[in-house]
Structures are given as C-alpha cells and as structure tokens.
2 protein chains.
Amino acid sequence: MTSAALGGDGAVAVDETPDTGRRLSSDERRRQILQAALAVFGARGYEGATTDEVARAAGVSQPYVVRLFGSKENLFLAALDDALTRTLTAFRAALAAAAADPDPELSEAKAAGKRIGQAFVDLIEVRGLHQTLAHGYLLGSHPVIGPASRRGFARVWRFFRDEMGLDADGARMFMAEGMLISTMIGLRIVDDYGSDPQITELFRSCFPTELPHVLDVLPRGTDRW
Amino acid sequence: MTSAALGGDGAVAVDETPDTGRRLSSDERRRQILQAALAVFGARGYEGATTDEVARAAGVSQPYVVRLFGSKENLFLAALDDALTRTLTAFRAALAAAAADPDPELSEAKAAGKRIGQAFVDLIEVRGLHQTLAHGYLLGSHPVIGPASRRGFARVWRFFRDEMGLDADGARMFMAEGMLISTMIGLRIVDDYGSDPQITELFRSCFPTELPHVLDVLPRGTDRW
DNA sequence: GTCTATAACGCGATAGAC
DNA sequence: GTCTATCGCGTTATAGAC
C-alpha cells in the first residue's frame, strides 16, 4: 500500500514513495520510515503520534516499525537526530557557499547569516523537520528525550559559536530567529495568510526573502487531524 | 488528598494548595484545576498529559475534571487562554510601569522593552505557563487547538504592534526572543546549568539580568516523567 | 524482510450515588 | 459539588508464520 492510499482527511500526507512491491534493504526502509516519522511527529507531537500512522505513511505495517526501531521512543530519538543532522549539514553547506562566493554588498558575517537563515527556511521541504525539533525541545522533562534534546540544542549553539564564529549575543539572536520560524511553521500561520492583515504582516516579517517559496512549499489546510 | 501526597517521582509537582476539606465554589475549583493543568500540560504536552494527573495535582478526582471542563480538549483551551491572559496582563502592567516611572538612562522604547522582557521571564512562577503556550503554538494542525493558538499568537503580536507601538521588525524581534525563552524553559536547560560551559554561556545569554531569580525559581530535576 | 493476530494496558468519558 | 465504579476504545509491543 502506498501512502497515497490514505491521502484523505485525518492523515498526515507524505510524499509518495513509489511502491514497487519489492522488498527494500533494511537501510532503505529505515530512511523511508524516518521521513514518515518526521511528518507524523511534527504534526501530532511525540505522544500524539502513533506508530500506526507512521507505518501507514511509510507503507509498512505497524509492528514492523516497532521492530525496526525497537520502540516509539527510539523512533523519535532517531527522527530527532536525523532532523538535527540534516539541519547542521544544510548550515555547513550554506556557510561554505558564503565563503566560496562572497557577496560584495554585505560583510562576510552578514552574507553567511543570510544564507544560513535561508537554508533553515528551505528545510520546510523536509516535512515536519522544524516541528519535530521544536517538539523535542519542549520535552525537556522527559527522562530520555529531554537530555537528547538538550544535547541537540547544544550542537546548534556550538555551530554558531565555533564554526560560524559568532559571539554569544549574535548566536543567541540566530537561535531566537530560528525558534520563531519553527513556531510559525508549527502554528500553521500560513493557513491564515491573506485572511488577516495583521497575520499577513507577521508572516511577511518572518520570511522576508523566501516568501514566495514558503507559500509554495508549505501546504495549507493539510496535515489535519 | 493534597498534591503533596504525590510529590514523589513521576508526578508533576504543583504548589501545594491547602486542603481544608471543605467544598469550594465551582469558580475556585476551576482556578485550582487550571493551575494544575498548566503544570501538567506544560511538562507533558497536550496528548501526553492525562486528565488523571491534572486531577491528582489539583486534589480532585479525574471524572470531576472532565465534568467541570467538558473534555480534555476544552481544558487545554481554557489553560491556553488563561496563560495568554496572564501574559498580556503582565505585559500591560510592565508597559504602564515603564510609562509611570521612566528610566533616564534609556529611551522610552528600550525601557519598556526591558520591563516587558523581565515580566515574561518572571512568569516562570506560574508553573508550565511558557511550555503550555509553546505546546499550543506547535499544534497548528489540530482542528480546534490550531485556530485557537493562532488567535492567541495574534493577540501577542497586536500587543507589540498596537499597544507598544513597535514596527513589524521590532515586534518580530520581541516575539523571537520570547520563543527562545520559552524553548529554553521547556528544554529545562537549567538542568545542565553549570555542568557544561557552553550551555552555561547560552543560558546566561538568554537571561542576562534575571539569572539569579531564574535559577532560584526554576526547579531543577523535578517535573520528571 | 515483512505480515497477521493479539495481548496488555492506559485513557477519556459516562452513570449514578451521596 | 464531588466521588466511585466502570465501559469501551486506541495504542504499543510481542508471538509467530511466511
């Protein structure tokens, strides 16, 4: 069964993966399931998500998801790590691109910052990535997820401090903008874009340069419960 | 049974309310339960929280919580509204205080901003307030909670724009700092404060002026699952 | 590598007494 | 205003076949 078979209401829609019917390697399946997990955890949160919905979105059976990852908790940890690694990889690529192709109009730091901000927004193409990260950050009280999320958050902080070379204040500002972007995506403010002038203004203020792209990629009114 | 009876591990600790044994007015009970709900929803999230734990934290029976609020969903909406109203009330008080008692060292806008930021941090005394708000903001896909959270977010935005008089860029920066503060509280970064120099630095950078107060109020290692 | 069947449990909500 | 008892469903995880 492909994920398209449940594209109707109530389900988190995930990019269709061609269902060739053939058995995949354990590794291919893991990637497929991780993608589905990001979408489902992102839309419903850790507790709200079910392994069954992840399984259906990935086109496998529920027990098989548990089998491959051991437990729902482990699946979330894997999804979190995946999201974080993708994010930092994108940041590093943006930083390298800024160094390789400097903008004569901007200072080095400004140019890198702009590219990194764009890279973060562009990650909306990975469905549920921002929201899963944000959900993890909110579970600091969880005995297993809490420490893992703190370590992940620290990885991002170190990127800004050590790799990008910002001071504490600059790094904090980047983190803050990132949290706001994640919040706006999780809130699905895009659903109200255009209907309320205040909200429209807020949205434009958050995504100044990438607005057309964001409006195009962020699906409105889907991912509903 | 007072909430102290379950102060042990696994439970969200809530300030003890004197258990006089007498029956309270429906209104008093509602307030008591709302306080418990903020703590539990904040620590566990909407789905992770149980009406039973809210009930135990408030010292009443589980069915009674459902009875008073109709449903868990309604309870969350009430808690969200309570959190938002408290927040905006605190912001308005801070703004008024800044106008009544101007700081000769700072511009009017700077002084008000500083006070409002402090007021937001000071709300950590209301256990779970920041986290419940943040959880609400992440549930944009929920058919009922999503729209309510968007309206709430817009209320805060309008405060900065209309009441405080900021431009879109300034308002966005305040919102961003607020999201970062909420995230740090939800992450319970305070748990690692002092153990990791990078984390300590990050934490100090977020709570520059109120650090002693924050460290004092934010309980470490409690609210565990 | 993947499924079906199912066990075991936790949760929200209702009924009804006091 | 508040409780106890309980129903019924949804969920994770396990067993075991193919």
Side-chain angles (χ1 to χ4, degrees), chain A residues 1-3 5-6 10-12 17 19-34 36-37 40-41 43-79 142 144-145 225, chain B residues 1-3 5-6 10-12 17 19-34 36-37 40-41 43-79 142 144-145 225:
Chain A
M1 187 212 269
T2 68
S3 54
L6 47 93
V12 171
T17 347
D19 182 359
T20 59
R22 78 191 165 87
R23 290 154 143 214
L24 303 178
S25 76
S26 177
D27 221 57
E28 286 174 296
R29 273 289 186 231
R30 276 186 70 96
R31 266 197 299 273
Q32 214 169 50
I33 292 174
L34 276 180
V40 177
F41 281 130
R44 314 270 219 260
Y46 172 60
E47 298 277 358
T50 66
T51 53
D52 187 56
E53 188 168 10
V54 173
R56 277 186 284 125
V60 297
S61 70
Q62 179 269 331
Y64 191 48
V65 170
V66 176
R67 171 87 139 210
L68 271 188
F69 287 85
S71 66
K72 180 183 175 180
E73 189 178 285
N74 263 326
L75 175 60
F76 186 79
L77 292 176
H142 190 287
V144 178
I145 298 174
W225 283 22
Chain B
M1 186 214 271
T2 67
S3 54
L6 47 92
V12 171
T17 347
D19 181 358
T20 60
R22 79 190 165 87
R23 290 155 141 209
L24 303 178
S25 76
S26 177
D27 221 56
E28 286 174 295
R29 272 289 186 232
R30 276 185 71 95
R31 266 197 299 274
Q32 215 168 49
I33 292 173
L34 276 180
V40 176
F41 281 129
R44 315 269 220 260
Y46 172 60
E47 298 277 359
T50 67
T51 55
D52 187 57
E53 189 168 9
V54 173
R56 277 186 284 125
V60 297
S61 70
Q62 179 267 329
Y64 191 47
V65 170
V66 175
R67 172 86 141 212
L68 272 187
F69 287 85
S71 67
K72 180 183 176 180
E73 188 178 286
N74 263 326
L75 175 61
F76 187 79
L77 293 177
H142 190 288
V144 177
I145 297 174
W225 282 24

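In what follows, chains carry the letters A, B, and so on, assigned in the order in which the sequence lines appear, proteins first and then strands, with residues in each chain numbered from 1.
Distance from the side chain of B:Lys72 is smallest to C:dG12 among D:dT4, C:dG12, C:dG1. If you check C:dT2, C:dA13, D:dT14 against the side chain of A:Tyr64, the one that comes closest is C:dT2. Considering only side-chain atoms of B:Pro63, the nucleotide from C:dG12, C:dA13, D:dT11 that sits closest is C:dA13. Each of C:dC3, D:dA13, D:dC3 was ranked by its minimum atom distance to the side chain of A:Val60; first place goes to C:dC3. With C:dG12, D:dT12, C:dA13 as the candidates, the nucleotide lying closest to the side chain of B:Ser71 is C:dA13.
Regarding contacts with the backbone of C:dT2, every side-chain N or O of A:Ser61 stays at 4.0 angstrom or more from both OP1 and OP2. A:Arg29 has no side-chain polar atom (N or O) that falls below the 4.0 Å cut-off from OP1 or OP2 of C:dG1.
Here B:Ala55 lies out of heavy-atom contact (under 4.0 Å) with every strand.
One interatomic measurement links the two molecules: CG of B:Asp52 to P of D:dT2, which rounds to 17 Å at whole-angstrom precision. The distance from atom CD1 of A:Ile33 to atom P of C:dC3 is 9 Å, rounded to the nearest whole Å. The CZ-C1' distance, from B:Phe69 to C:dT14, rounds to 19 Å in whole Å. The nearest whole Å value for the distance from the CG atom in B:Asn74 to the P atom in C:dG12 is 14 Å. Between B:Glu47 atom CD and C:dG10 atom P there is a gap of 18 Å when expressed in whole angstrom units. The interatomic distance linking B:Leu75 (CG) with C:dA13 (C1') rounds to 14 Å, in whole Å. Atom pair B:Arg30:CZ and D:dG1:P shows a separation of 11 Å (rounding to whole Å applied). Between the C1' atom of C:dT2 and the CZ atom of A:Arg56 lies a distance of 18 Å, rounded to the nearest Å.
The shortest side-chain heavy-atom distance between B:Phe41 and B:Lys72 falls under the 4.5 Å cut-off. Within the 4.5 Å cutoff, no side-chain heavy atoms of A:Gln62 are placed close to those of A:Glu53.
Comparing B:Thr51 and A:Leu68, the nucleotide of DNA chain C nearest to each residue sits closer to the 5' end for A:Leu68. Nearest-nucleotide assignment on DNA chain C puts the 5′-proximal partner with A:Arg67, out of A:Gln62 and A:Arg67.
Under the side-chain hydrogen bond (donor to acceptor under 3.5 Å, both in side chains) criterion, B:Thr50 pairs with no residue at all, not counting sequence neighbours.
Taking every heavy atom of both residues into account, A:Ala79 and A:Ala37 meet most closely at CB-CB, 4.3 Å.
Listed for the B:Glu47 side chain is no donor-acceptor partner under 3.5 Å among the backbone atoms of A:Gly45.
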